[in-house]
Each structure stands twice: as C-alpha cells, then as structure tokens.
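Input: a single structure, listed below in structure tokens.
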Amino acid sequence: MADASRIAAAHVASANDAYAPLAAQWAAVDLTERTEAWSATLASGPGVVWVAASLDGFVHGGPARRTEPGVSHEVYAIHVLPAQRGTGLGAALWTAIRDELGGALYVDTLAELPCCRFYERHGGERIEERPTDFRGAARTHVTYRFR
C-alpha cells in the first residue's frame, strides 16, 4: 500500500510516453485518481503486483479476465519509467510475474507499441490481431500468448 503513489507515478509516466503518441485524444491523467485506483487494486486485487525495489516500474497480473484456450492467467500491465527502459528492469519484472503466475498466460496490447518486440523476445506468440479504436485513433489490438 505504501508504494501506491510510486506505482501510479510510474504508470502515468510510462503511459504518457508510450500511449499518448498513439492516441488522437489523450487527456492528462490525474495522479491522485490513479494513486487511489492503485490503492484499491493493492487492497483487494485481483492478482499480484510486483514492484521494482527502485520503484521505477511494476508488473500486475492474475487470473485471466477472458477465456483463452489453454491459458489461465493474464498480465494486466507492465510499466517501466521511460528512463529505465532497456536496462533489464522490465525483463526482471517479467521473470518475477511469470514465476509467480506459472503456466500459460496472455497479454493484450497495441501492435504499434515497441513493447511488442519485448514480448516476442520473451517467447510471446501472436494469437490475435484486430483493428481497434484507441482514443480516437485507428490502431491494431494484438494478443500474445506465452506457454
């Protein structure tokens, strides 16, 4: 619970850097609201959250929110501060959540994001691609499965 504000700050900074350029309409995220949302998630779930000791990133995963054949878990979010990307922090968080959740899992993201290369390097198999509207912009939704 004590990390909620730092998790929120990493989430906002990472999303503003990665997602905002892909959106036609991007509203500034209220850090207080995001902190409250993370406080609620940490208090009652679902899932598990791993936070880097440096508080420069986090990963959140748990039970799959939809049915995917042979998959029981989902990574809901993984965010690393932009300045920490490429340092191995994301890979360490990824390993932690994979070890925690075990078994097969999936991740949903946008095909236009650089994180797709990360998921592919870590064994992700693209199992779905479809057009989507991302905050007013035509983008491609992609799902990766990990065995």
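Model, not experiment: these values are computed from the prediction. For the single chain, residues carry numbers from 1 onward in sequence order. For the numbers below, each heavy atom of this structure counts, side chains included, while hydrogens, waters and symmetry mates do not.
Summarising the geometry of Val51 relative to Val49, their closest heavy-atom pair is CG2-CG1, 3.9 Å, with the distance given to 0.1 Å. For Phe134 against Ala23, the heavy-atom pair with the smallest separation is CE2-CB, 3.8 Å. Contact detail for Ser39 and Ala4: the closest heavy-atom pair is OG-CB, 3.3 Å.
Judged as a salt bridge (charged side-chain N to carboxylate O under 4.0 Å, His left out), not a single pair has a partner in residues 44-53 (not counting sequence neighbours). For residues 108-121, the set of pairs meeting the salt bridge (charged side-chain N to carboxylate O under 4.0 Å, His left out) definition, not counting sequence neighbours, comprises Arg66-Asp108, Glu120-Arg126.
Residue Leu113 holds its CG atom at 5.0 Å from CG of Leu22, rounded to the nearest 0.5 Å.
With sequence neighbours excluded, the residues that form a side-chain contact (heavy atoms from CB on, under 4.5 Å) with Thr132 are Leu110, Arg130, Arg139, His141. Shown here are the side-chain hydrogen bond (donor to acceptor under 3.5 Å, both in side chains) partners of Glu74, two or more places apart in sequence or in another chain: Arg65, Tyr106. Remark: Ala104 engages Val71 in a side-chain contact (heavy atoms from CB on, under 4.5 Å) (not counting sequence neighbours). In terms of the side-chain hydrogen bond (donor to acceptor under 3.5 Å, both in side chains) criterion, residue partners of Ser54 (sequence neighbours excluded) are, by chain and number, Asp56. A search for side-chain contact (heavy atoms from CB on, under 4.5 Å) contacts involving Ser44 returns nothing, not counting sequence neighbours.
Tyr144 belongs to a hydrophobic cluster with Val48, Trp50, Val59, Val75, Ile78, Val80, Leu89, Leu93, Trp94, Ile97, Leu101, Leu105, Val107, Phe118, Tyr119, Val142, Phe146, counting contacts under 4.5 Å between side-chain heavy atoms of Ile, Leu, Val, Met, Phe, Trp and Tyr, direct or through other members.
Side-chain contact between Tyr19 and Thr109: present, with at least one pair of heavy atoms (C-beta onward) separated by less than 4.5 Å.
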Would you mind writing out the side-chain donor-acceptor pairs for residues 6-16 within the sub-3.5 Å range, not counting sequence neighbours?
from, atom 1, to, atom 2, distance (Å)
His11, ND1, Arg34, NH1, 3.2
His11, ND1, Trp38, NE1, 3.0
His11, NE2, Arg34, NH1, 3.2
His11, NE2, His79, NE2, 3.4
Ser14, OG, His79, ND1, 2.8
Ser14, OG, Arg85, NH2, 2.8
Asn16, OD1, Trp26, NE1, 2.8
Asn16, ND2, Val12, O, 3.4

